[in-house]
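Quick notes on the structure that follows.
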Amino acid sequence: MLKVTRNMVLPTTITGSYPKPNWYTQGLHGRPFKVALGDSLFREQYLDAVATIINEQAMAGLDIVTDGDARFDLAVGGKSWFFYVLERLGGLSGRRDLSPGWSGDFWIRPGHILWEVQEAYQPPVVVDKVTRGPLEYTSIWKAAQRMTEKPVKFGTISAQCLVRMMWNQSYPSDKELILDLCDVMNEELRELAQAGCPLIQIEEPRHHFVALREETTDKDLQFFTEAFNREVKGVEAEIWVHTCWGNPSQQRLFWEPPSYERALPYLLELDTDVITFECASSGGKDLPLFRKYQTKKKIAIGVVSHTNTVIEPPEVVANVIRKALEDIPPERLILSTDCGFGREGLSRRIAFYKCIALVQGANLIRRELKLPEAPIRAADPRLAFGQVPGTPGAA
Ligand SMILES: [Zn+2]
(Lines give C-alpha, C1' and ligand atoms only; values in the text may rest on other atoms or scores of the structure.)
Protein backbone atom coordinates (compact mmCIF):
# COMPACT_ATOMS: atom_id res chain seq x y z
CA MET A 1 0.00 0.00 0.00
CA LEU A 2 1.16 3.55 -0.66
CA LYS A 3 2.64 5.00 2.51
CA VAL A 4 5.68 7.13 1.79
CA THR A 5 4.83 8.52 -1.63
CA ARG A 6 1.02 8.72 -1.29
CA ASN A 7 0.98 12.53 -1.20
CA MET A 8 4.34 13.18 -2.83
CA VAL A 9 4.49 14.76 -6.28
CA LEU A 10 7.68 14.07 -8.26
CA PRO A 11 9.70 12.78 -5.28
CA THR A 12 13.37 11.97 -5.83
CA THR A 13 15.49 9.03 -4.73
CA ILE A 14 18.29 6.70 -5.84
CA THR A 15 17.99 2.98 -6.59
CA GLY A 16 20.02 1.81 -3.58
CA SER A 17 23.75 1.18 -3.68
CA TYR A 18 26.31 3.97 -3.21
CA PRO A 19 30.10 3.73 -3.65
CA LYS A 20 31.92 2.79 -0.47
CA PRO A 21 33.97 5.53 1.17
CA ASN A 22 37.68 4.75 0.66
CA TRP A 23 38.21 4.45 4.40
CA TYR A 24 35.42 1.87 4.81
CA THR A 25 37.72 -1.13 4.54
CA GLN A 26 35.90 -3.52 6.88
CA GLY A 27 33.20 -5.93 5.71
CA LEU A 28 30.79 -8.51 7.03
CA HIS A 29 32.53 -11.41 5.22
CA GLY A 30 29.75 -13.82 6.07
CA ARG A 31 29.16 -12.70 9.63
CA PRO A 32 25.64 -11.92 10.80
CA PHE A 33 25.15 -8.14 10.93
CA LYS A 34 24.57 -7.94 14.69
CA VAL A 35 27.56 -10.18 15.43
CA ALA A 36 29.76 -7.91 13.32
CA LEU A 37 28.47 -4.85 15.18
CA GLY A 38 30.21 -6.32 18.23
CA ASP A 39 33.51 -5.77 16.40
CA SER A 40 34.34 -2.17 17.28
CA LEU A 41 36.27 -1.41 14.10
CA PHE A 42 33.48 -2.74 11.85
CA ARG A 43 30.84 -1.00 13.95
CA GLU A 44 32.50 2.39 13.72
CA GLN A 45 33.20 2.14 9.99
CA TYR A 46 29.77 0.75 9.08
CA LEU A 47 27.74 3.26 11.09
CA ASP A 48 29.91 6.19 9.99
CA ALA A 49 29.63 5.07 6.36
CA VAL A 50 25.84 4.86 6.51
CA ALA A 51 25.67 8.30 8.20
CA THR A 52 27.92 9.74 5.47
CA ILE A 53 25.94 8.19 2.64
CA ILE A 54 22.62 9.40 4.05
CA ASN A 55 24.07 12.87 4.63
CA GLU A 56 25.28 13.14 1.03
CA GLN A 57 21.79 12.30 -0.21
CA ALA A 58 20.34 14.93 2.13
CA MET A 59 22.86 17.54 0.90
CA ALA A 60 21.72 16.75 -2.65
CA GLY A 61 18.08 17.33 -1.64
CA LEU A 62 16.74 13.80 -2.28
CA ASP A 63 13.37 13.08 -0.66
CA ILE A 64 13.75 9.35 -0.01
CA VAL A 65 17.17 8.00 0.98
CA THR A 66 18.90 4.62 1.23
CA ASP A 67 21.75 3.25 3.34
CA GLY A 68 23.74 2.73 0.14
CA ASP A 69 23.53 -1.06 0.61
CA ALA A 70 26.48 -0.57 2.98
CA ARG A 71 26.06 -4.13 4.29
CA PHE A 72 27.57 -5.51 1.09
CA ASP A 73 31.24 -6.51 0.98
CA LEU A 74 33.54 -4.95 -1.59
CA ALA A 75 33.46 -7.82 -4.07
CA VAL A 76 34.02 -8.15 -7.83
CA GLY A 77 31.10 -7.06 -9.99
CA GLY A 78 28.70 -6.28 -7.16
CA LYS A 79 28.71 -9.95 -6.22
CA SER A 80 27.45 -9.16 -2.70
CA TRP A 81 24.03 -8.20 -4.06
CA PHE A 82 23.51 -11.96 -4.49
CA PHE A 83 25.94 -13.28 -1.90
CA TYR A 84 24.82 -11.27 1.13
CA VAL A 85 21.73 -13.50 1.05
CA LEU A 86 23.37 -16.68 -0.27
CA GLU A 87 26.01 -16.69 2.49
CA ARG A 88 23.28 -16.69 5.13
CA LEU A 89 20.51 -19.01 3.87
CA GLY A 90 20.12 -22.60 5.05
CA GLY A 91 20.13 -25.51 2.56
CA LEU A 92 23.22 -24.34 0.62
CA SER A 93 26.69 -25.83 0.75
CA GLY A 94 29.95 -25.67 -1.17
CA ARG A 95 30.25 -24.02 -4.55
CA ARG A 96 30.12 -24.68 -8.25
CA ASP A 97 33.16 -23.35 -10.09
CA LEU A 98 31.91 -21.34 -13.06
CA SER A 99 35.41 -20.42 -14.23
CA PRO A 100 35.22 -22.75 -17.25
CA GLY A 101 32.34 -20.64 -18.58
CA TRP A 102 28.65 -20.28 -18.07
CA SER A 103 26.55 -21.62 -20.90
CA GLY A 104 23.64 -19.38 -19.90
CA ASP A 105 25.42 -16.28 -21.16
CA PHE A 106 27.14 -17.70 -24.20
CA TRP A 107 28.13 -14.34 -25.65
CA ILE A 108 30.46 -13.57 -22.75
CA ARG A 109 34.03 -14.39 -23.83
CA PRO A 110 37.48 -14.04 -22.24
CA GLY A 111 38.59 -10.44 -22.61
CA HIS A 112 35.12 -9.17 -21.71
CA ILE A 113 34.79 -7.62 -18.25
CA LEU A 114 31.77 -9.82 -17.54
CA TRP A 115 33.93 -12.92 -18.00
CA GLU A 116 35.90 -11.81 -14.95
CA VAL A 117 32.65 -11.12 -13.09
CA GLN A 118 31.45 -14.62 -13.98
CA GLU A 119 34.72 -16.16 -12.74
CA ALA A 120 34.22 -14.41 -9.42
CA TYR A 121 30.62 -15.49 -8.85
CA GLN A 122 31.09 -19.16 -7.80
CA PRO A 123 27.46 -20.07 -6.96
CA PRO A 124 26.67 -22.17 -3.90
CA VAL A 125 25.07 -25.60 -4.37
CA VAL A 126 21.51 -26.19 -3.18
CA VAL A 127 21.76 -29.47 -1.28
CA ASP A 128 18.60 -29.31 0.82
CA LYS A 129 15.38 -27.36 1.30
CA VAL A 130 16.21 -23.65 1.55
CA THR A 131 15.54 -22.12 4.96
CA ARG A 132 15.83 -18.73 6.62
CA GLY A 133 19.14 -17.49 7.94
CA PRO A 134 20.37 -14.36 9.75
CA LEU A 135 19.61 -11.75 7.06
CA GLU A 136 18.61 -9.33 9.84
CA TYR A 137 17.00 -6.88 7.41
CA THR A 138 15.04 -5.29 10.24
CA SER A 139 18.16 -4.34 12.23
CA ILE A 140 19.93 -3.07 9.11
CA TRP A 141 16.99 -0.80 8.24
CA LYS A 142 16.68 0.45 11.84
CA ALA A 143 20.39 1.31 12.01
CA ALA A 144 19.88 3.62 9.01
CA GLN A 145 16.44 5.00 9.83
CA ARG A 146 17.53 6.28 13.23
CA MET A 147 20.02 8.56 11.49
CA THR A 148 17.45 10.56 9.53
CA GLU A 149 13.90 11.94 9.52
CA LYS A 150 13.64 11.15 5.80
CA PRO A 151 12.15 7.79 4.86
CA VAL A 152 14.79 5.10 4.29
CA LYS A 153 14.00 2.75 1.41
CA PHE A 154 15.24 -0.78 2.01
CA GLY A 155 16.15 -2.77 -1.10
CA THR A 156 16.78 -6.47 -1.64
CA ILE A 157 17.28 -8.85 -4.53
CA SER A 158 14.15 -10.83 -5.55
CA ALA A 159 13.99 -14.57 -4.91
CA GLN A 160 13.58 -15.32 -8.62
CA CYS A 161 16.75 -13.42 -9.48
CA LEU A 162 18.69 -14.96 -6.60
CA VAL A 163 18.03 -18.45 -7.95
CA ARG A 164 20.10 -17.55 -11.03
CA MET A 165 23.09 -17.62 -8.69
CA MET A 166 22.35 -21.02 -7.11
CA TRP A 167 23.41 -24.41 -8.42
CA ASN A 168 20.27 -26.50 -7.90
CA GLN A 169 20.95 -30.13 -6.99
CA SER A 170 18.01 -30.63 -4.66
CA TYR A 171 14.75 -29.44 -6.24
CA PRO A 172 13.15 -31.12 -9.29
CA SER A 173 13.35 -27.79 -11.12
CA ASP A 174 14.19 -24.14 -10.52
CA LYS A 175 10.48 -23.35 -10.31
CA GLU A 176 10.05 -25.31 -7.06
CA LEU A 177 13.22 -23.72 -5.71
CA ILE A 178 11.96 -20.23 -6.58
CA LEU A 179 8.62 -20.82 -4.84
CA ASP A 180 10.28 -22.08 -1.65
CA LEU A 181 12.71 -19.17 -1.67
CA CYS A 182 9.79 -16.74 -2.12
CA ASP A 183 8.35 -18.07 1.15
CA VAL A 184 11.69 -17.71 2.93
CA MET A 185 12.09 -14.10 1.76
CA ASN A 186 8.43 -13.35 2.46
CA GLU A 187 8.91 -14.09 6.16
CA GLU A 188 11.92 -11.77 6.29
CA LEU A 189 10.04 -8.98 4.49
CA ARG A 190 6.94 -9.30 6.66
CA GLU A 191 9.09 -8.92 9.75
CA LEU A 192 10.79 -5.85 8.26
CA ALA A 193 7.45 -4.20 7.45
CA GLN A 194 6.01 -5.01 10.87
CA ALA A 195 9.02 -3.34 12.50
CA GLY A 196 8.01 -0.13 10.70
CA CYS A 197 10.03 -0.05 7.50
CA PRO A 198 7.76 2.09 5.33
CA LEU A 199 9.21 1.30 1.91
CA ILE A 200 10.65 -1.95 0.59
CA GLN A 201 12.10 -2.36 -2.90
CA ILE A 202 12.34 -5.83 -4.46
CA GLU A 203 14.96 -5.90 -7.16
CA GLU A 204 15.00 -7.47 -10.60
CA PRO A 205 12.13 -9.81 -11.33
CA ARG A 206 13.18 -11.82 -14.40
CA HIS A 207 10.44 -10.73 -16.82
CA HIS A 208 12.21 -8.09 -18.89
CA PHE A 209 15.29 -10.26 -19.45
CA VAL A 210 13.54 -13.55 -20.26
CA ALA A 211 11.00 -11.75 -22.46
CA LEU A 212 13.85 -10.95 -24.85
CA ARG A 213 14.29 -14.66 -25.62
CA GLU A 214 12.08 -16.17 -28.28
CA GLU A 215 11.74 -19.49 -26.43
CA THR A 216 10.13 -17.77 -23.41
CA THR A 217 6.40 -18.52 -23.28
CA ASP A 218 3.63 -16.35 -21.87
CA LYS A 219 3.22 -19.04 -19.22
CA ASP A 220 6.84 -18.51 -18.14
CA LEU A 221 6.21 -14.79 -17.75
CA GLN A 222 3.03 -15.53 -15.82
CA PHE A 223 4.99 -17.81 -13.47
CA PHE A 224 7.45 -15.04 -12.60
CA THR A 225 4.52 -12.73 -11.82
CA GLU A 226 2.93 -15.34 -9.53
CA ALA A 227 6.25 -16.00 -7.79
CA PHE A 228 6.82 -12.30 -7.20
CA ASN A 229 3.34 -11.84 -5.77
CA ARG A 230 3.93 -14.77 -3.44
CA GLU A 231 7.15 -13.14 -2.21
CA VAL A 232 5.41 -9.88 -1.22
CA LYS A 233 2.07 -11.31 -0.03
CA GLY A 234 0.99 -9.74 3.28
CA VAL A 235 4.05 -7.45 3.47
CA GLU A 236 2.52 -4.33 4.99
CA ALA A 237 4.78 -1.68 3.48
CA GLU A 238 4.86 0.43 0.34
CA ILE A 239 6.33 -2.00 -2.20
CA TRP A 240 8.48 -0.97 -5.14
CA VAL A 241 9.86 -3.27 -7.79
CA HIS A 242 13.12 -2.27 -9.47
CA THR A 243 13.99 -3.21 -13.05
CA CYS A 244 17.02 -2.29 -15.13
CA TRP A 245 19.23 -3.70 -17.88
CA GLY A 246 22.06 -4.86 -15.61
CA ASN A 247 24.74 -3.51 -13.33
CA PRO A 248 27.62 -5.97 -12.68
CA SER A 249 30.75 -3.75 -12.56
CA GLN A 250 28.49 -0.83 -13.67
CA GLN A 251 27.89 -2.61 -16.97
CA ARG A 252 24.60 -2.63 -18.82
CA LEU A 253 24.28 -6.14 -20.30
CA PHE A 254 23.38 -4.62 -23.69
CA TRP A 255 25.06 -1.80 -25.60
CA GLU A 256 21.68 -0.46 -26.69
CA PRO A 257 19.03 -0.74 -23.97
CA PRO A 258 16.35 -3.19 -25.18
CA SER A 259 12.59 -2.53 -24.99
CA TYR A 260 10.43 -3.46 -22.01
CA GLU A 261 7.37 -3.92 -24.22
CA ARG A 262 6.84 -7.69 -24.10
CA ALA A 263 7.41 -7.79 -20.32
CA LEU A 264 5.38 -4.69 -19.50
CA PRO A 265 1.86 -6.21 -19.21
CA TYR A 266 3.27 -8.83 -16.80
CA LEU A 267 5.22 -6.30 -14.76
CA LEU A 268 2.05 -4.26 -14.38
CA GLU A 269 0.39 -7.31 -12.78
CA LEU A 270 2.93 -7.38 -9.94
CA ASP A 271 1.48 -6.59 -6.50
CA THR A 272 3.51 -3.43 -6.08
CA ASP A 273 2.76 0.25 -5.62
CA VAL A 274 5.66 1.48 -7.74
CA ILE A 275 7.60 0.07 -10.70
CA THR A 276 10.98 1.49 -11.69
CA PHE A 277 12.20 1.57 -15.29
CA GLU A 278 15.63 2.33 -16.72
CA CYS A 279 15.04 5.44 -18.84
CA ALA A 280 18.14 7.66 -18.72
CA SER A 281 20.24 5.27 -20.83
CA SER A 282 17.53 5.01 -23.48
CA GLY A 283 16.39 8.63 -23.44
CA GLY A 284 13.04 7.30 -22.25
CA LYS A 285 12.26 5.52 -25.53
CA ASP A 286 9.76 3.16 -23.85
CA LEU A 287 7.80 5.90 -22.06
CA PRO A 288 5.13 6.18 -24.80
CA LEU A 289 4.23 2.55 -23.98
CA PHE A 290 2.25 3.93 -21.03
CA ARG A 291 -0.24 5.28 -23.55
CA LYS A 292 -0.94 1.73 -24.68
CA TYR A 293 -0.59 -0.07 -21.33
CA GLN A 294 -2.62 1.77 -18.70
CA THR A 295 -1.91 1.44 -14.99
CA LYS A 296 -2.80 3.08 -11.70
CA LYS A 297 0.62 2.30 -10.22
CA LYS A 298 3.21 4.98 -9.64
CA ILE A 299 6.10 4.85 -12.10
CA ALA A 300 9.67 5.61 -11.07
CA ILE A 301 11.94 6.49 -13.97
CA GLY A 302 15.72 6.53 -14.04
CA VAL A 303 16.81 10.05 -15.00
CA VAL A 304 20.55 9.58 -14.42
CA SER A 305 22.60 6.64 -15.62
CA HIS A 306 24.67 4.29 -13.46
CA THR A 307 26.81 3.21 -16.45
CA ASN A 308 28.06 6.61 -17.66
CA THR A 309 30.58 8.59 -15.64
CA VAL A 310 29.66 11.96 -17.14
CA ILE A 311 27.27 13.86 -14.86
CA GLU A 312 24.00 14.55 -16.66
CA PRO A 313 23.32 18.30 -17.03
CA PRO A 314 20.09 19.25 -15.17
CA GLU A 315 18.46 20.21 -18.49
CA VAL A 316 19.07 16.66 -19.82
CA VAL A 317 17.48 15.23 -16.66
CA ALA A 318 14.55 17.61 -17.11
CA ASN A 319 14.06 16.50 -20.73
CA VAL A 320 13.55 12.87 -19.68
CA ILE A 321 11.05 14.03 -17.02
CA ARG A 322 9.18 16.14 -19.59
CA LYS A 323 8.94 13.13 -21.89
CA ALA A 324 7.53 11.00 -19.05
CA LEU A 325 4.98 13.69 -18.16
CA GLU A 326 3.46 13.34 -21.64
CA ASP A 327 1.99 10.01 -20.53
CA ILE A 328 2.30 9.88 -16.73
CA PRO A 329 0.78 12.59 -14.49
CA PRO A 330 3.14 14.23 -11.95
CA GLU A 331 1.20 12.68 -9.04
CA ARG A 332 2.21 9.24 -10.32
CA LEU A 333 5.78 10.00 -11.37
CA ILE A 334 8.87 9.34 -9.22
CA LEU A 335 12.42 10.32 -10.20
CA SER A 336 15.30 7.96 -9.56
CA THR A 337 18.49 6.55 -11.03
CA ASP A 338 18.62 3.84 -13.70
CA CYS A 339 20.20 1.48 -11.13
CA GLY A 340 22.44 1.63 -8.07
CA PHE A 341 25.79 3.42 -8.14
CA GLY A 342 27.55 0.21 -7.05
CA ARG A 343 30.46 -0.05 -4.65
CA GLU A 344 33.51 -0.06 -6.92
CA GLY A 345 32.30 0.80 -10.43
CA LEU A 346 31.75 4.55 -10.03
CA SER A 347 33.57 6.89 -7.71
CA ARG A 348 31.71 8.23 -4.72
CA ARG A 349 32.24 11.79 -5.97
CA ILE A 350 30.57 10.99 -9.29
CA ALA A 351 27.63 9.38 -7.48
CA PHE A 352 27.27 12.47 -5.28
CA TYR A 353 27.17 14.87 -8.22
CA LYS A 354 24.71 12.63 -10.05
CA CYS A 355 22.39 12.90 -7.02
CA ILE A 356 22.68 16.69 -7.19
CA ALA A 357 22.01 16.74 -10.95
CA LEU A 358 18.94 14.54 -10.41
CA VAL A 359 17.41 17.01 -7.95
CA GLN A 360 18.45 20.06 -10.00
CA GLY A 361 16.67 18.54 -13.01
CA ALA A 362 13.63 17.78 -10.86
CA ASN A 363 13.63 21.37 -9.60
CA LEU A 364 13.52 22.73 -13.17
CA ILE A 365 10.29 20.78 -13.73
CA ARG A 366 8.89 21.66 -10.30
CA ARG A 367 9.39 25.34 -11.16
CA GLU A 368 7.50 24.89 -14.44
CA LEU A 369 4.64 23.13 -12.61
CA LYS A 370 4.67 25.69 -9.75
CA LEU A 371 5.56 22.99 -7.23
CA PRO A 372 7.88 23.67 -4.28
CA GLU A 373 11.54 23.10 -5.15
CA ALA A 374 13.82 21.00 -2.96
CA PRO A 375 16.65 22.89 -1.26
CA ILE A 376 20.05 21.61 -2.43
CA ARG A 377 22.64 22.59 0.16
CA ALA A 378 25.43 21.15 -1.98
CA ALA A 379 24.53 23.63 -4.75
CA ASP A 380 23.73 26.68 -2.63
CA PRO A 381 25.97 29.59 -3.81
CA ARG A 382 25.83 31.11 -0.30
CA LEU A 383 27.60 28.02 1.04
CA ALA A 384 30.18 27.75 -1.75
CA PHE A 385 33.77 28.91 -1.19
CA GLY A 386 34.53 32.18 -2.96
CA GLN A 387 32.12 34.40 -4.83
CA VAL A 388 29.88 32.73 -7.37
CA PRO A 389 29.40 34.84 -10.55
CA GLY A 390 25.86 36.14 -10.99
CA THR A 391 24.87 35.88 -7.32
CA PRO A 392 24.39 38.72 -4.79
CA GLY A 393 27.69 40.03 -3.45
CA ALA A 394 29.66 38.71 -6.45
CA ALA A 395 31.93 41.13 -8.29
ZN1 LIG B 1 19.26 -2.36 -11.31
Side-chain angles (χ1 to χ4, degrees), residues 12-20 53 57 62 64-72 75-85 105 113-114 117 121 153-165 185 199-212 224 228 231-232 239-260 263-264 267 270 272 274-282 284-286 298-309 312 320 334-346 350-351 354-355 358:
T12 52
T13 190
I14 61 174
T15 298
S17 57
Y18 201 84
K20 279 191 140 181
I53 289 165
Q57 293 169 76
L62 292 167
I64 300 163
V65 300
T66 77
D67 67 3
D69 290 347
R71 66 187 180 277
F72 294 159
V76 173
K79 175 178 168 173
S80 249
W81 182 57
F82 296 98
F83 280 76
Y84 176 83
V85 182
D105 288 315
I113 187 171
L114 293 180
V117 168
Y121 273 0
K153 173 162 63 100
F154 186 90
T156 177
I157 186 171
S158 67
Q160 55 193 265
C161 188
L162 197 55
V163 166
R164 288 186 57 237
M165 203 50 67
M185 297 303 281
L199 205 178
I200 300 174
Q201 173 176 283
I202 315 294
E203 293 156 359
E204 291 300 339
R206 304 232 315 239
H207 302 75
H208 50 306
F209 279 96
V210 299
L212 300 176
F224 288 123
F228 186 95
E231 187 170 2
V232 298
I239 305 287
W240 291 26
V241 58
H242 165 74
T243 74
C244 74
W245 295 113
N247 195 358
S249 289
Q250 303 309 120
Q251 302 300 303
R252 208 169 39 243
L253 298 184
F254 310 89
W255 181 246
E256 296 285 345
S259 171
Y260 282 103
L264 192 55
L267 290 170
L270 300 179
T272 66
V274 176
I275 307 186
T276 81
F277 293 96
E278 177 166 337
C279 289
S281 67
S282 64
K285 71 171 179 186
D286 274 345
K298 292 205 180 203
I299 303 298
I301 57 166
V303 294
V304 299
S305 167
H306 59 297
T307 56
N308 180 356
T309 55
E312 289 79 356
V320 180
I334 296 172
L335 310 173
S336 186
T337 57
D338 272 355
C339 188
F341 291 129
R343 282 162 291 291
E344 55 158 11
L346 280 184
I350 289 174
K354 280 189 176 255
C355 289
L358 194 168

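Source: prediction; values computed, not measured. One-based numbering, in listed order, for ligands and for the atoms of each.
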Can you check the number of protein N/O/S atoms within less than 2.8 Å of the Zn ion (ligand 1)? 3
What do you reckon, are the aromatic ring centroids of W240 and F154 less than 6.0 Å apart? no
CG of L264 to CD1 of I275, rounded to nearest 0.5 Å, is 7.0 Å
Is the closest side-chain donor-acceptor distance between T243 and Y260 under 3.5 Å? yes
Rounded distance (nearest 0.5 Å) linking atom SG of C339 with atom CD of E278: 7.5 Å
Parallel under 30°, tilted from 30 to 60°, perpendicular over 60°: which one fits the rings of W245 and F254? perpendicular
What about the rings of H306 and F341, do their centers lie closer together than 6.0 Å? no
